[in-house]
Number of protein chains: 2
Amino acid sequence: MKLSNGVEWALHSCVTLSQSREPVPAARLAELHGTPPAYLAKHLQALSRAGIVHSTAGQVGGYELTRPAAQISVLEVVRAIDGGEPAYRCTEIRQRGPLALPAERCERPCAIARAMAAAEDAWADALRQVTIADLAARIDADSEGTAMAAVSRWLTAAR
Amino acid sequence: MKLSNGVEWALHSCVTLSQSREPVPAARLAELHGTPPAYLAKHLQALSRAGIVHSTAGQVGGYELTRPAAQISVLEVVRAIDGGEPAYRCTEIRQRGPLALPAERCERPCAIARAMAAAEDAWADALRQVTIADLAARIDADSEGTAMAAVSRWLTAAR
DNA sequence: ACAACTCCGACAAAAGATGTCCGAGTTGGA
DNA sequence: TCCAACTCGGACATCTTTTGTCGGAGTTGT
């Protein structure tokens, strides 16, 4: 079970975007994070499709959050990048082989699938309760209140 | 984020093994579950390396559980197949780019990594509380007490 | 001692993720 | 009104991971 690497870049990008009210180009975000520019842009497109960020073209274009950072959960970002499909998907083993069950007795999911789904629900709930604003606040607290100000300063100064 | 397909086969195999006190060959399990025999054997080897099952060679050989099914958690099986590495692993973005933090201020994990790790802990806790015996009992309950008996009967009869 | 059965690690094929490129559209200025 | 520069967006290679397969080594019962 491996999570796409772009999830990390997307989360950092959202935290960065929460510190700027002007649109930020993808190339600027890539420079700040030290990532391949074109590939980061690909993931930002996924965020745009999910309705998390809004893209404006043109000379002063770029990406910006569609909502306040406190209303964007980490789960939303992860789902946008990684896709909403569950990590464990049942192949319905019980309907194959010499002891195959008839399809009419398989309306409820398999007990194994239920257990795996419950675990994934717990994982999703944990991510749903954390917002982008929370992440920004925690990162700021880790650096004693200097990190977010530095990001905001760099975003406007580099223009 | 995708979980290996072999996890499902391994869990079903463990439930099946819990119903037999004699060793069961990998080919027999593959026939029962309708899976590629050689590939299932590969995953059973992983379970053997993790100390969950014990393999005996020879004419009447096969796989059997090393412990009572009530003492084997689902998490153990998942970890044995999928590997214990966390799904989200931090690339330390904060140490790259123009606003890179010095390494000595990065002893604690990044706030984003902490949030993701907490979610994975919740996922692992959910799977740790379910045992192979629980799965067998639930599958049996779903089929009104006929499934496990049928498995046990098929395992001995097909010999 | 033999023969048959088992597991086990090394070898290909397929899929997904990663990374890159150029075109379409839009905006600001002349 | 036109132009030029900048932006995003989807289509195109490259690469790692997963999936799947095979024959060999070892062990057990006859």
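Since we're looking at a predicted model, the values are computed, not measured. Atoms considered below: every heavy atom in the structure, side chains included; atoms not considered: hydrogens, waters and symmetry mates. Quick note on labels: first sequence line is chain A, next is B, and so on, each numbered from 1.
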Asks: Between B/L40 and A/Q45, which residue's closest nucleotide on DNA chain D lies nearer the 5′ terminus?
Replies: A/Q45
Asks: In whole angstrom, give the distance that lies between atom NE2 of A/H43 and atom C1' of C/dA17.
Replies: 9 Å
Asks: Give the rounded distance in Å between these two atoms: OH of B/Y63 and P of C/dC5.
Replies: 17 Å
Asks: Main chain of A/I52, side chain of A/T66: is a donor-acceptor contact present, judged purely on distance under 3.5 Å?
Replies: yes
Asks: Compare all side-chain heavy atoms of B/L135 with those of B/S18 and state whether any distance is below 4.5 angstrom.
Replies: no
Asks: Whole angstroms only, please: what is the CE-C1' distance between A/M1 and C/dG16?
Replies: 17 Å
Asks: Are there any protein N/O atoms within less than 3.5 Å of an N/O atom in nucleotides 2-5 of chain D, and if so, which ones and at what distance?
Replies:
none

Asks: For A/N5 and C/dG16, give me the distance from atom CG to atom P, rounded to whole Å.
Replies: 19 Å
Asks: Between the side chains of B/T16 and B/H33, does any donor sit under 3.5 Å from an acceptor?
Replies: yes
Asks: Could you give the CD1-to-P distance, from A/I81 to C/dG19, as a whole number of Å?
Replies: 14 Å
Asks: Does a nitrogen or oxygen in the side chain of B/T56 sit under 4.0 Å from OP1 or OP2 of C/dT6?
Replies: no
Asks: CG of A/L3 versus C1' of C/dT18: gap in Å, rounded?
Replies: 15 Å
Asks: Treating Ile, Leu, Val, Met, Phe, Trp and Tyr as nodes and any side-chain heavy-atom pair under 4.5 angstrom as an edge, say whether B/L32 and B/M148 lie in one connected cluster.
Replies: yes
Asks: With nearest nucleotide decided by heavy atoms, which residue, B/A38 or B/D82, maps closer to the 5′ end of DNA chain D?
Replies: B/D82
Asks: Tell me: CG of B/L29 to C1' of C/dC7, nearest whole Å?
Replies: 13 Å
Asks: Quick one: does any side-chain atom of B/E8 pair with a main-chain N or O of A/T91 as donor and acceptor, under 3.5 Å?
Replies: yes
Asks: Students often get this wrong, so: under 4.0 angstrom with heavy atoms, is B/A26 touching a base, only sugar-phosphate, or nothing?
Replies: sugar-phosphate
Asks: Answer yes or no: does a side-chain N or O of A/Y39 lie under 4.0 Å from OP1 or OP2 of D/dT14?
Replies: no
Asks: If we ignore hydrogens and angles and just use 3.5 Å, is the side chain of B/S20 paired with the main-chain N or O of B/L17 as donor and acceptor?
Replies: no
Asks: Taking the side chain of A/R49 as its heavy atoms from C-beta onward, which of D/dG9, D/dG10, D/dG29 lies nearest to it?
Replies: D/dG10
Asks: I'd like to know if the side chain of A/S48 reaches the main chain of A/H54, judged simply by a donor and an acceptor atom lying under 3.5 Å from each other, with no hydrogens or angles considered.
Replies: no
Asks: A/K42 has an atom NZ; how far is it from atom P of C/dT20, in whole Å?
Replies: 12 Å
Asks: Looking for any heavy atom pair under 4.0 Å, which part of the strands does B/G62 touch: base, sugar-phosphate only, or nothing?
Replies: sugar-phosphate
Asks: Picking from D/dC8, C/dT27, C/dG16, which would you name as closest to the side chain of A/P25?
Replies: D/dC8
Asks: Taking OP1 and OP2 of C/dT18, is either one under 4.0 Å from a side-chain nitrogen or oxygen of A/S4?
Replies: yes
Asks: Looking at the side chain of B/A57, which of C/dC8, D/dG26, D/dC8 is the nearest nucleotide?
Replies: D/dG26
Asks: Is the backbone of A/V7 close enough, under 3.5 Å, to the side chain of A/S4 for a donor and an acceptor to pair up by distance?
Replies: no
